[in-house]
Number of protein chains: 2
Amino acid sequence: MDEVFKALADASRRSLLDRLHAKNGQTLNELCDGLAMTRQAVTKHLAILEAANLVTTFRHGREKLHYLNPVPIHQIGERWIKKFERGKLTALSELKKQLEKRDE
Amino acid sequence: MDEVFKALADASRRSLLDRLHAKNGQTLNELCDGLAMTRQAVTKHLAILEAANLVTTFRHGREKLHYLNPVPIHQIGERWIKKFERGKLTALSELKKQLEKRDE
DNA sequence: ATAATAGGCAACCAAATGGTTGCATGTCAA
DNA sequence: TTGACATGCAACCATTTGGTTGCCTATTAT
């Protein structure tokens, strides 16, 4: 879980996921295209995404194809974000109560 | 948005949010309690959470009260995670197709 | 008034991060 | 078979990060 959060913390990596979301199964060079980064930098980002299981790859000849795996993202939504949605109204009303208390 | 992702990338910070979720409106010292970190380290984490608008604070006398703001978390769920949920089945079936292609 | 309490500020440090360059390897096409 | 192409590996670098310690300020309680 921590690896996924860490992987998502970087804007470049999120944009790589975006690109794979737009077009799945791209090669490394395809993913580098138009980015203001060297290929090696992209490789590192992809390795982190792969370690977090957000991207699955396999070789096809001399090319390495990258596939988006949306499962970890979905899990974050289910296991983590949903927890905080429940408390939403309570939290805000408590805050409001406190803010009003300030003027006493 | 980037600030929120970055703020959520650290396990200590997520645990602080958890604590606030369990009990809202805690003071700094309350939040430090039981953590294997100095107060100053916690202060820094809280400052990052505050900058990302995940935590709202105000002073009450000599105490600083911390309140959870679940809105940014909710937005990540809405604006970011939901986008990837749509492509889920497609992505997996495409991957399966490619994996089968390997044996040709 | 004074001591204890709650928090803030700043300097410092080691390790992690995001990036680079240079070179090596494996695969395909002419 | 040889050159071009796709990727991998490793060393190196600057900056950011997560943490520390030491000291200062503000508020409360005795």
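Lettering of chains follows the sequences in order, A, B, ..., and the numbering in each one begins at 1.
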### Message
Let's test your reading of the model: under 3.5 Å, does the base of D/dG22 pair with the side chain of B/Q40 as donor and acceptor?
### Response
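Per atom types, the contact qualifies.
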Minimum heavy-atom separation for [X] and [Y], please, with both atom names.
X     : Y     : answer
B/L54 : B/P72 : CD2-CB, 3.8 Å
B/L28 : B/T43 : CD2-OG1, 3.6 Å
A/A9  : B/A9  : CB-CB, 3.5 Å

Apply salt bridge (Lys or Arg N to Asp or Glu O under 4.0 Å) to [X] and list each qualifying residue two or more places apart in sequence or on a separate chain.
X     : value
B/R19 : none
B/E78 : B/K82
B/E50 : B/K64
B/K6  : B/D2

#### Entry: Stepwise side-chain contact (heavy atoms from CB on, under 4.5 Å) check, B/E30 with B/T27
CA-CA 5 Å; B/E30 235 174 322; B/T27 67; 3.3 Å; yes
How long is the line joining [atom1] of [X] and [atom2] of [N], in whole Å?
X     : N      : atom1 : atom2 : answer
B/L65 : D/dT27 : CG    : C1'   : 14 Å
A/E3  : C/dT17 : CD    : P     : 11 Å
A/K6  : C/dG18 : NZ    : C1'   : 15 Å
B/Q26 : C/dA6  : CD    : P     : 14 Å
A/H66 : D/dA6  : NE2   : P     : 14 Å

### Message
Ring centres under 6.0 Å, that's the criterion: do B/H21 and A/F84 meet it?
### Response
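Between A/F84 and B/H21, which both carry aromatic rings, the centre distance is below 6.0 Å.
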### Message
Centroid separation under 6.0 Å, is that true for the rings of B/Y67 and B/F58?
### Response
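Yes.
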### Task
Scan residues 27-39 of chain B against DNA chain C and write down, sorted by residue number, each residue with any heavy atom closer than 4.0 Å; if none is found, say none.
B/T27, B/L28, B/N29, B/R39
Only distances under 3.5 Å count here; give the side-chain donor-acceptor pairs of residues 31-41 of chain B to other protein atoms, sequence neighbours excluded, each with its distance to 0.1 Å.
| unit_1 | atom_1 | unit_2 | atom_2 | d |
| --- | --- | --- | --- | --- |
| B/T38 | OG1 | B/A41 | N | 3.4 |

### Query
Nearest of C/dA6, D/dT17, D/dT20 to any side-chain atom of B/A41?
D/dT20
### Message
Side chain of A/D10, heavy atoms from C-beta onward: which of C/dC23, C/dG18, D/dC23 has the nearest atom to it?
### Response
C/dG18
### Query
In degrees rounded to 10°, what angle is found between the helical axes fit to the five outermost pairs at each end of the helix from C/dA1-D/dT30 to C/dA30-D/dT1?
20°
### Test side chain to side chain contact (heavy atoms under 4.5 Å, CB included) applied to A/I48 - qualifying residues, sequence neighbours left out
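With sequence neighbours excluded, A/I48 shows a side chain to side chain contact (heavy atoms under 4.5 Å, CB included) to A/A7, A/R13, given in chain and number order.
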### Message
Restricting to side-chain hydrogen bond (donor to acceptor under 3.5 Å, both in side chains), what partner residues turn up for A/D18, sequence neighbours left out?
### Response
B/K83
Between the protein and nucleotides 25-30 of chain C, list every N/O to N/O distance that falls short of 3.5 Å.
| unit_1 | atom_1 | unit_2 | atom_2 | d |
| --- | --- | --- | --- | --- |
| C/dT27 | O2 | A/R62 | NH1 | 3.4 |

### Task
Identify, residue by residue, the members of residues 42-50 of chain B with a heavy atom below 4.0 Å from DNA chain D, and return them in order of residue number, or none.
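Hits under 4.0 Å, by residue number: B/K44, B/H45.
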